[in-house]
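Proteins get letters first, then strands, A, B, ... in listed order; numbering begins at 1 in each. The structure presented is a predicted model; accordingly, all values stated were derived computationally and were not measured.
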Amino acid sequence: MQDRELKKGSAELLILSLVQQQPRHGYEISKLIELRSRGELRFNVASLYPLLYRLEKRGWIQGRWVEKAGQRRRRFYRLTPAGRKVLPAQQHAWLAFVDAIQRITSCDHA
Amino acid sequence: MPDWKPHLQARLEALNLDPGRGPDAIEEICAHLDDRFHELLGRGVSEVEAVSLALDEMIGPTQPRTPRPLKPTSPGCPNPKRAVWLRCGFKSIFDDGRFAWRGLRKAQGFTAVALFTLALCLGANLTIFSIVNGVLLRPLPFPSPERLVVMYNSYPKMGRDRGDSSYMNYHTRRGQLPAFAEVAALREDAAVVGDAGTTEQVHVTRVSAEFFGTLGISPLLGRAFTDAEMTPTSDAVALLTHAFWREHFLSDPAIVGKTLRIDGVPKTIVGVLPANFLFLSSKARVYLPLSVTADTCRVENLHNNGVEVIGRLKPGVRLEQAQAQVDAHNATIGRTFPFAKEVTAAGFHTIVAPLHAEHVASIRPILLLLQAGGLLLLAIGLVNLVNLLLIRSSGRVKELAIRQSLGAGRRQILQHLMMEIFLLALGGAVLGLALSLTGGKLLGQLDLHQLPLSPEVAWNGRMALVTLLAASFTGLGMGIPVAWFHLRTPLASAIHAEGRGGTGNLAAQRLRHAFIVAQLGLAIVLLFGAGLLGLSLKRAMAVSPGFRPDHVLAGKLSLSKTAYSDDALRANCVERLVQAATQQPGVGLAGITTDIPVTGSHRPNVMTIIGYTPTPGAAPFLHEQYGVAGNYFAAMGIPLKEGRFLEPADSARPQRVCVIDEDFARTYWPGRSALGQRISDGSDTRSESEWFTVVGVVGAVKQTDLTDRKPARAIYFPYRYFAMETVFLVTRTTAASESLQRALQRMVRQVDPELPLYDLRSMEVRITDSLILRRSPALLSGIFATVAVLLAAIGTYGVLSFAVAQRRKEIGVRLALGAQPIQIQHQFLTLGLRLLAAGSGLGLLGAWVAGRAVQAILFDVPAIHLGTLGATVAIISGVALTACFLPARRASQVDPLVALRTE
């Protein structure tokens with residue numbers, strides 16, 4: 001799953017899914033991706049934040065600064081109504097893609 | 001807490017951040033780094049290490065794309081110079097493009113000639129390339145096609161380098177050779193399909209159960225054959241090709257399980273093959289099981305060749321490994337073969353070869369030579385155009401010098417010139433592609449469908465790429481000499497020379513002349529090559545086929561084993577066919593044969609000659625064998641040399657008789673009569689009553705093709721004793737053959753309503769068709785040569801005309817001072833002759849190379865055929881001198897007054 005193309009196609013979907021339930025900040029998102037993929041997927045700062053900003057620019061997620069005493073303020077991202085609409089389509093497309101790949105690769109030619 | 005900001009500032013570019021985000025983004029990432037820092041500390045990492053780790057991970061190895069420079073957002077953008085340069089560069093290229101376009105439109109004559117030449121030369125090359133691509137380059141449409149191999153039995157000392165394999169080869173090899181993932185067998189065949197009265201003959205391929213698995217394809221509908229279906233009692237199944245399914249069953253999705261009548265027997269359709277499935281050049285419409293009786297799998301049949309054996313190598317296995325295993329396996333199995341000594345004497349071995357390369361082996365040299373011819377033509381065209389361009393740029397020296405003096409740099413001038421050339425090249429390539437796509441239809445005349453893998457001239461990605469490459473190559477080919485000329489010429493002095501009306505730039509003149517020499521030389525090479533191929537075709541056509549092909553119409557019939565279960569039934573049917581055909585109005589004589597000459601097909605066998613002791617260790621001779629009935633010899637026009645032809649009564653005589661050809665007689669009984677000699681078609685252990693006595697000797701016919709020089713050593717049996725399923729009805733006609741075709745088909749239906757007569761062609765057409773691999777190259781190279789000669793003539797004429805125009809003033813002065821017009825004319829003719837002599841020298845050298853290159857595909861023509869060479873040089877000389885004569889005469893007619901006045 002380290003393949004670049006695959007990751008590129010799936011990255012948006014991963015982020016949208018992670019902020020679907022509750023708002024999360026960037027570090028949390030990157031940790032969750034790493035944890036839930038059991039270390040197979042990793043996002044560094046240079047790939048994660050440009051992607052977050054892009055999604056925000058598209059209006060699919062929205063960031064909001066939250067301040068806590070004794071800590072730096074953090075930016076939490078939540079899914080917007082527009083993002084909520086896009087998510088099922090993205091999930092569907094991804095599943096279809098995975099299914100197609102599986103159908104192709106599971107056919108074992110001599 | 002570490003201060004991350006300076007670190008982030010230093011890495012800003014690599015972080016890919018939207019500059020519009022500004023300090024917010026920095027703060028957000030600082031928070032991220034804080035978190036990471038704390039996490040690392042929690043794991044016991046030291047502070048210094050944690051800082052360095054957190055920073056390193058920011059732009060780690062898993063970053064999905066390469067860093068991209070930030071978009072300029074402020075006046076202080078990192079790289080403003082580059083952006084401006086790019087914009088200016090594009091603008092200047094665009095301006096040059098526009099300017100070049102205007103220039104080309106103004107010089108309409110030049111542009112038309114240039115585009116026409118390029119379109120013709122590139123079109124010819126693209127057409128040939130599309131065939132080369134379809135036949136030689138495109139991989140076979142199967143998964144991992146490079147692992148597919150074919151296995152041949154070879155008996156070189158018997159004159160049979162490449163033969164089929166035997167069913168036993170397949171049977172004993174499958175599963176036994178570790179190098180192979182699969183081994184399969186197949187046999188091309190024909191079958192009668194449909195219900196009585198509406199039957200049609202279709203090509204079928206009989207395949208073993210592993211065939212489709214070996215190729216790596218599975219049926220679109222249903223399933224492939226199974227091992228259990230490979231016996232005569234269980235083989236009533238069929239697989240349809242996609243086209244057959246579409247045409248006969250309107251793509252019925254519920255076809256599997258339905259039945260189709262094949263050779264009178266209902267067969268269950270078990271599947272439909274995918275739409276794009278094509279095995280090499282197979283014409284098969286239906287696939288059937290290659291079923292055999294247990295009897296076939298006896299060791300005696302080890303060399304009973306008649307099937308093709310293919311295999312798929314396991315991944316990573318090399319061809320040599322497979323070959324070694326097959327060799328070792330042959331040695332083991334061969335020990336028990338009763339005639340092991342004979343086949344060893346014949347040099348028997350099996351050749352394992354890549355399937356694709358082997359299939360196109362015969363046409364590869366021809367296609368490559370044609371492509372080479374096309375490239376030569378392109379070279380001539382390019383030389384021509386370069387000369388035109390040089391002349392054109394000589395005329396523009398003044399204009400360019402003025403542009404330079406107004407501040408244009410050398411680079412800009414060159415860019416301007418190159419733009420024009422590349423526009424021409426691109427235009428020529430597009431026109432060439434269009435020509436090759438429409439001209440591809442003309443190639444129908446060249447019987448492309450008869451080539452292996454049925455290539456077609458079609459637009460595809462590779463063609464587009466090659467067109468683009470051709471355009472670039474052409475552009476460079478024309479651009480480099482022109483650029484060289486301009487870089488060498490000091491423009492100021494050029495203006496001076498031009499103004500003085502002198503003889504122009506000497507270097508440019510030399511270059512132009514060198515190009516004419518090259519062009520004449522190349523034209524000689526092409527014309528000579530075409531001449532050799534043409535002569536070779538002529539000689540092949542002049543070969544006597546051994547029979548009189550005029551007025552002979554022949555068609556094919558399949559007397560299937562299901563309808564005609566034994567030899568006697570088939571012999572009876574054949575007799576009825578001959579009788580009915582003889583009574584047909586318009587038919588003079590009729591006969592039947594099991595194989596027809598000049599078709600490429602043959603089934604040679606060894607014979608035992610009673611009383612003949614072969615030289616010890618020598619390989620036995622192979623003999624063409626035929627079963628004939630009716631008046632076959634007379635109908636085909638095969639002459640009788642000695643004795644008599646076979647008669648209908650011969651089938652019923654207690655003593656078996658046969659007829660042999662003169663090659664046969666000469667081989668065994670040189671200088672004496674072969675009549676009364678006896679031959680056995682098996683081993684001499686057969687009982688004497690089964691021996692055949694020679695009653696006649698006939699002329700030898702060409703069985704495979706006209707250019708086959710191997711003696712046929714043919715033997716003709718009465719059909720009763722060689723009752724093969726496939727037979728040809730041969731008729732010598734007195735009426736026009738077209739009207740007779742339908743009558744004959746009707747007549748055959750009357751004898752047996754299920755029996756279609758197909759592949760009806762006159763023998764003259766068959767002979768013509770058999771020469772396709774000689775005719776098409778000869779025709780194409782002839783076209784190339786004609787164009788080449790034309791281009792050479794245009795080139796010579798153009799350069800000489802230019803020389804005359806340039807020296808008009810000098811000629812005017814000389815004439816005014818008393819020179820005779822004839823002297824002026826001679827001067828230019830001498831120049832032409834000098835160029836011609838140099839070109840001929842170069843051409844002769846090239847012709848020698850070309851002759852060697854085509855030698856392999858020539859028939860009865862030496863590589864250096866002096867007659868052809870002489871004629872070639874004569875034609876080129878005639879054309880070049882005519883092209884010189886016109887400008888030379890114009891030079892002698894210059895009016896001194898007019899010439900000097902223009903000064």
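Within a 6.0 Å sphere centred on CD of A/Gln91, heavy atoms belonging to other residues, nucleotides or ligands number more than 12.
For the pair B/Arg36/A/Ser30, no side-chain contact is recorded, criterion being any heavy-atom separation below 4.5 Å from C-beta on.
Taking each heavy atom of A/Asn44 and B/Glu57 in turn, the nearest pair found is CB-O, 2.9 Å.
For A/Arg72 and B/Glu27, the salt-bridge test fails: no basic side-chain N is under 4.0 Å from an acidic carboxylate O. Checked for salt-bridge contact, A/Arg74 and B/Asp35 meet the test: a charged N lies under 4.0 Å from a carboxylate O.
Here the CG atom belonging to B/Asp34 is positioned 10.5 Å from the OH atom belonging to A/Tyr27, to the nearest 0.5 angstrom.
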